[in-house]
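First comes the structure, then the notes that go with it.
Just so it is clear, the model here is predicted, and its values are computed rather than measured. Computed from heavy atoms alone, side chains included, the values below leave out hydrogens, waters and symmetry copies. Throughout, residue positions are numbered sequentially from 1 according to the sequence presented.
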Amino acid sequence: MFNNGIVNYENYNHVEKNLKNVLNLANSSGASKAVEEEIYYNTAKNVGRSLNVTDYNSLAEKIMALGIGQIVMTNMSDNKIVFRLYDCFTCSDMENIGKPVCYFEAGILAGAVSIISNQDMDAEEVRCNALGDDYCEFEITPAKGNKKNFQAVGDDEKPDINMLYLTINSLKLAKSKNQIQSQSQRSSWANKQLNDALENALEADNFNQNIIDSIPNYLAVIDSSGMVVRINKKYEEFLSLAFQKDTSIISLAWETKYTEVLATGKPAIWQQIISGKEHIIFESPILKSQAVLRQVIPVESDFIKLLLDKISDLEERIDSNKKASQQQLKLKDDRVVVASDVMISQVNYIRKVAKTDASILIRGESGTGKTLFAEVVHQESPRRHKPFIYIDCTTIPKNFFETELFGYTPGAFTGASRNGKAGKLEMAQGGTVFLDEIAEIPIEIQSKLLRFLQEKKFEKMGAVKTQQVDTRVIAATSQNLEAMIRDGLFRKDLYYRLNVINIVLPPLRQRRDEIPVLAAKILSQISEESKTGLKRIDASGLQALMGYDWPGNIRELENLLKRLTFLVDDGVITSQAIMMELHTAATLNGGVGGAASEIRENERELIIRVLENCHYNKSAAAEKLGITRQTLYNKIKKYQIS
């Protein structure tokens with residue numbers, strides 16, 4: 001629209017028209033407001049189509065660059081994509097007004113995702129600051145009745161980008177008006193609630209008789225004082241009486257729970273024999289708990305039969321869906337064990353996002369399997385035939401991060417190899433780099449990593465030439481990155497760039513039903529690796545495992561079973577052996593005083609037995625004990641084991 005200070009008036013007319021719609025949005029109401037909101041949404045959707053995004057990474061980057069907020073994808077399925085938007089442009093400072101208001105952001109996301117998915121999509125805002133939430137959430141689904149491919153707009157159709165910026169600036173005016181309007185609405189909210197309560201009390205007495213007469217069940221309306229103010233013809237015929245208005249339920253001798261329903265706001269249901277036949281009685285609050293709707297339904301009625309048929313059909317669908325989900329969990333990595341609903345859902349999500357090239361941040365406590373699931377993402381992705389390179393950020397000295405990630409040129413520093421060195425990002429060309437415990441990366445290196453994530457470009461240490469590689473980055477952490485951002489230890493822009501897709505692995509204590517399957521798998525692997533007989537855990541032993549909280553998660557379970565494999569002489573691991581070993585481990589972590597010598601002796605005996613089983617191969621013994629080789633050397637020296 002603006003070129004070297006010259007205004008293109010043809011485009012300006014369109015801008016002026018759109019801005020009028022934007023500004024009117026702050027003051028309009030009723031049906032006209034709904035129409036303008038629709039226009040507003042569709043205008044933004046058209047702009048979203050022109051943002052020149054190719055994937056969800058570039059979408060997150062564009063949204064951030066426009067100052068609209070920070071987006072994170074939280075779910076992706078065949079029928080729905082869910083985004084969370086933090087620091088939302090429209091509503092981040094808005095009070096609760098009881099309705100979502102971010103039509104602009106919804107339209108932008110719908111248009112952009114339409115281009116990425118090559119299908120016309122719509123967005124619905126399900127959470128909003130204006131609803132009292134801490135962030136906005138949008139569900140992106142295929143547009144109804146539209147199955148055609150959705151191509152990006154041509155260059156001749158694209159609105160001028162300056163039009164978008166001018167619209168955003170004008171929105172600031174509308175936003176200010178909305179804030180003033182919301183404050184005035186808050187001041188009258190209490191009066192409105194009082195009004196509604198009075199109106200509802202009147203409506204209870206004027207409940208539409210025609211409606212309740214048309215329903216085949218026996219219906220009655222009871223007011224807050226226990227008077228039956230309405231009853232339908234079916235109920236009158238059943239009671240064989242001519243109903244008199246305002247008849248007390250006491251005089252009718254009804255068994256009722258209306259006082260409980262009014263007090264709790266929750267429905268009540270029970271069975272009762274009436275006139276020799278079994279009936280279901282259902283009482284529920286209506287009219288904002290000012291009255292109770294009573295339904296009496298014969299168990300042999302067509303309604304109950306239909307309901308039971310529907311329940312049976314629903315159960316069959318749930319079973320078939322569960323079986324289908326379990327069948328879909330055939331992963332390329334056979335080390336993955338999934339036996340709980342929460343992990344079935346998580347793995348199905350991982351399989352879907354693995355097909356994209358978006359950056360992934362895996363969150364979870366230490367020992368939950370973040371490395372394993374990073375490998376699963378790689379194996380399920382189109383990059384599976386290229387390298388997967390693991391980097392443990394906790395083991396790299398602070399001064400070596402740059403050379404480890406990006407490499408260096410010959411002579412870049414004193415002691416540098418004369419041939420230079422390729423960094424891990426370069427070595428993973430076409431594949432995946434997994435940055436475990438990314439919170440350990442020094443703040444001064446984070447900016448260089450951010451640039452790589454944005455542009456896939458970097459310079460080696462000592463180089464003047466920029467290199468470009470096609471490497472996907474998966475990061476993981478057990479740290480609280482949000483707290484680190486507040487403390488200035490982690491870059492906010494890097495966090496949002498990594499967190500395009502967020503995977504949270506639940507701790508083992510939240511999926512205890514997987515412990516028996518996990519334990520069997522681990523014991524099988526130990527037997528295969530150590531060439532020892534396969535051990536099994538008896539029923540009481542499994543109960544002991546499932547009753548423990550596992551602060552170290554799956555890694556702690558693996559280490560425990562490794563130790564028990566060598567400590568237990570027969571083929572069965574009992575609850576007694578498990579509890580003794582758990583107690584020993586807990587005491588080692590927190591034991592003091594007179595028990596210390598006993599603890600040391602138990603640990604010394606354990607190390608000697610494992611060394612003997614491994615024929616004094618210290619590397620193998622360290623692995624079986626679940627400790628590093630250096631730690632084993634230190635303990636051998638400490639306990640004077642010859």
Side-chain angles (χ1 to χ4, degrees), residues 1-23 25 36-73 81 83 85 87-90 101-125 136 138-144 146-175 356-358 454-455 496-497 500:
M1 184 181 68
F2 296 102
N3 259 329
N4 299 324
I6 301 173
V7 179
N8 182 330
Y9 286 99
E10 183 179 353
N11 284 345
Y12 182 80
N13 289 333
H14 294 296
V15 174
E16 186 178 22
K17 182 179 178 182
N18 285 327
L19 294 185
K20 285 180 180 178
N21 286 331
V22 171
L23 294 174
L25 181 64
E36 290 187 4
E37 288 168 356
E38 184 76 15
I39 294 171
Y40 191 30
Y41 168 83
N42 287 325
T43 301
K45 184 173 179 180
N46 192 42
V47 173
R49 292 175 56 200
S50 67
L51 287 181
N52 193 27
V53 294
T54 57
D55 55 33
Y56 296 113
N57 272 346
S58 58
L59 172 58
E61 187 177 320
K62 183 67 71 173
I63 293 295
M64 193 188 317
L66 290 171
I68 296 171
Q70 312 284 353
I71 64 166
V72 175
M73 182 192 295
I81 301 171
F83 288 105
L85 181 65
D87 302 326
C88 174
F89 174 81
T90 298
V101 296
C102 307
Y103 312 103
F104 175 72
E105 289 79 3
I108 289 285
L109 288 173
V113 175
S114 296
I115 297 304
I116 295 171
S117 63
N118 195 29
Q119 181 184 1
D120 190 14
M121 307 291 279
D122 272 331
E124 179 184 1
E125 187 177 18
C136 298
F138 300 89
E139 294 182 352
I140 317 295
T141 55
K144 293 181 180 179
N146 192 345
K147 301 292 184 182
K148 67 181 180 180
N149 287 344
F150 201 73
Q151 302 295 333
V153 295
D155 290 338
D156 56 337
E157 300 176 65
K158 288 184 180 179
D160 197 301
I161 194 65
N162 289 294
M163 174 180 170
L164 175 58
Y165 286 116
L166 185 55
T167 303
I168 290 176
N169 287 331
S170 300
L171 271 170
K172 292 178 181 177
L173 298 175
K175 183 177 179 181
T356 74
D357 249 355
Q454 291 172 335
E455 304 174 8
Y496 285 117
R497 199 66 181 80
V500 174

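- Donor-acceptor pairing under 3.5 Å is recorded for the side chains of Glu105 and Thr90.
- Across all their heavy atoms, Val500 and Tyr56 have their closest contact at CG1-O, 3.9 Å.
- For Cys102 against Phe138, the heavy-atom pair with the smallest separation is O-CE2, 3.8 Å.
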Trace of the side chain to side chain contact (heavy atoms under 4.5 Å, CB included) decision for Ile115 with Asn52: CA-CA 9 Å; Ile115 297 304; Asn52 193 27; over 6 Å; no

Side chain to side chain contact (heavy atoms under 4.5 Å, CB included) between Thr141 and Glu124, intermediate numbers included: CA-CA 8 Å; Thr141 55; Glu124 179 184 1; over 6 Å; no

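- Heavy-atom minimum distance, Asp122 versus Ala143: OD2-CB, 3.7 Å.
- Formation of a donor-acceptor pair under 3.5 Å by the Lys45 side chain with backbone atoms of Met121 is found in this model.
- Closest non-hydrogen pair, Ser114 versus Ala110, comes out as OG-O, 2.6 Å.
- Of all the heavy atoms in Ile63 and Gly69, the pair that sits closest is CG2-O, 3.5 Å.
- Nearest approach of Leu109 to Ile140, heavy atoms of both residues: CB-CD1, 4.1 Å.
- A side-chain donor-acceptor contact under 3.5 Å links Tyr41 to the backbone of Ala123.
- Taken to the nearest 0.5 Å, the CE atom of Met64 stands 10.5 Å off from the CG atom of Asp87.
- A heavy-atom distance below 4.5 Å is found between the side chains of Arg497 and Asn57.
- Not one N or O on the side chain of Gln70 forms a donor-acceptor pair closer than 3.5 Å with the backbone of Tyr496.
- Distance check, rounded to the nearest 0.5 Å: CZ of Arg49 to CD1 of Ile108 gives 12.5 Å.
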